[in-house]
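If you're wondering where the values come from, they're calculated on a predicted model, not measured in any experiment. This chain uses plain numbering: 1 for the first residue, then up along the sequence.
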Amino acid sequence: MAQTPIPSPTSPTDLGTLYSRRGKAAPSMPRLSTGDVEDRISFTYGFPDPDSLPAAEVADAATRALTERGRWALQYGDTTGYLGLVDALRVKLARDQRIEVERENVLITAGGSQALGLVLDGLVDWGDTVVSEMPTWLGAVQAFRNVGAKVVGVPVDDGGTDVESVERELSRLRAEGLRPKFIYVISNFQNPTGITTTLGRRRRLVELAREYGTLILEDDAYYDLRYGGE
């Protein structure tokens with residue numbers, strides 16, 4: 001009676017074949033060390049001035065939350081984020097940017113990277129096309145590559161996103177039978193140029209998105225950094 005051969009043990013060097021396509025495409029990143037953050041200025045990570053961070057206030061808030069709502073503070077939270085924070089953000093959006101939203105329009109994430117990751121998971125398949133300002137935030141570029149997106153770059157000038165270039169690329173893609181999943185922009189204090197896109201260009205960008213049936217993914221991480229001007 002023939003016996004089934006026992007497979008030989010897998011060599012550790014063979015385990016790389018187990019990586020997913022996205023895992024193989026993931027870029028290498030420098031290791032983040034916070035041990036000497038107070039003694040250096042980083043051009044890789046956005047460390048703020050340690051003296052500007054409200055450590056005492058955060059500690060007091062954590063103590064108060066655990067004292068007053070300890071039974072719930074350590075439980076799983078709402079799937080879309082703590083409703084108290086959601087409501088506070090709704091008030092802020094209405095006050096500062098005249099954006100009126102309901103609770104179901106707000107999702108709390110662990111930073112902009114997770115928000116971008118969720119959008120890519122929901123919209124982009126391997127080989128899909130996205131339009132993006134170039135140059136732009138390195139984290140976005142790496143995220144696009146990691147999901148296999150084909151990125152069509154458009155430039156940024158002194159007025160912000162070059163909407164004429166956006167229109168040309170959208171027209172070209174339509175002629176090729178392609179519809180990009182979204183247009184990625186950083187309208188306020190664009191990273192890395194620091195340019196803020198003009199109101200006229202923002203309106204034109206919305207018109208183009210509607211005309212070509214795509215979305216705008218605006219990364220507005222820096223809105224609150226404005227201290228003067230419109």
Side-chain angles (χ1 to χ4, degrees), residues 21-22 25-27 80 89-90 93-94 96-109 111-224 226 230:
R21 192 171 184 178
R22 290 176 62 177
T80 57
L89 290 172
R90 291 172 59 213
L93 286 169
D96 295 347
Q97 294 174 264
R98 292 182 289 179
I99 298 174
E100 300 284 348
V101 294
E102 301 300 325
R103 280 181 170 177
E104 59 264 30
N105 301 126
V106 179
L107 174 65
I108 306 298
T109 65
S113 294
Q114 188 193 21
L116 179 58
L118 291 172
V119 170
L120 294 176
D121 282 344
L123 294 178
V124 178
D125 289 316
W126 201 276
D128 281 345
T129 300
V130 301
V131 175
S132 174
E133 297 172 331
M134 287 293 172
T136 191
W137 173 45
L138 181 59
V141 175
Q142 292 170 339
F144 298 154
R145 290 175 178 168
N146 197 36
V147 297
K150 296 179 180 178
V151 182
V152 174
V154 294
V156 177
D157 60 23
D158 290 343
T161 308
D162 185 341
V163 291
E164 292 184 359
S165 292
V166 173
E167 184 172 12
R168 281 197 301 270
E169 293 299 339
L170 291 175
S171 178
R172 178 184 65 80
L173 291 169
R174 174 178 282 181
E176 297 175 4
L178 298 173
R179 180 169 66 158
K181 292 300 183 78
F182 57 77
I183 305 165
Y184 176 76
V185 294
I186 305 176
S187 300
N188 294 312
F189 309 110
Q190 201 264 354
N191 182 351
T193 67
I195 298 295
T196 292
T197 298
T198 65
L199 179 58
R201 290 194 181 187
R202 295 175 194 233
R203 288 175 171 163
R204 181 56 182 153
L205 193 63
V206 171
E207 292 173 355
L208 289 171
R210 289 173 174 165
E211 179 181 350
Y212 286 89
T214 189
L215 302 171
I216 297 171
L217 178 56
E218 182 186 39
D219 189 343
D220 199 13
Y222 308 114
Y223 175 86
D224 290 308
R226 181 177 295 284
E230 291 186 308

What residue pairs, at least two apart or across chains, pass salt bridge (Lys or Arg N to Asp or Glu O under 4.0 Å) with a residue in residues 111-127?
R22-D121

Which residue pairs pass the salt bridge (Lys or Arg N to Asp or Glu O under 4.0 Å) test when at least one of the two sits in residues 130-144, sequence neighbours left out?
none

Assign the ring pair F182 / F144 to parallel, tilted or perpendicular, where the plane angle (0 to 90°) is split at 30° and 60°.
tilted

Pairing residues for T214 by the side-chain contact (heavy atoms from CB on, under 4.5 Å) criterion, not counting sequence neighbours
P180, I183, A209

Tightest non-hydrogen contact, residues L118 and L107, listed as CD1-CD2, 3.9 Å

To check you understand the geometry: which heavy-atom pair defines the closest contact between G153 and M134, and what is its length?
CA-CG, 3.7 Å

Which is it for R203 and E207 under the salt bridge (charged side-chain N to carboxylate O under 4.0 Å, His left out) test, yes or no, and what are the steps along the way?
CA-CA 6 Å; R203 288 175 171 163; E207 292 173 355; over 6 Å; no

Any salt bridge (Lys or Arg N to Asp or Glu O under 4.0 Å) involving residues 98-107? Give me the pairs, sequence neighbours left out, ordered by first then second residue.
D87-R103, R90-E102

Could you pull out all residues at least two apart from R179 that satisfy side-chain hydrogen bond (donor to acceptor under 3.5 Å, both in side chains)?
none

If I compare all heavy atoms of R202 with all of N188, which pair ends up nearest, and what's the gap?
NH2-OD1, 2.7 Å

Do L89 and I108 come within less than 4.5 Å of each other through their side chains, counting heavy atoms only?
yes

Which residue pairs pass the side chain to side chain donor-acceptor pair (under 3.5 Å) test with at least one member in residues 144-154, sequence neighbours excluded?
none

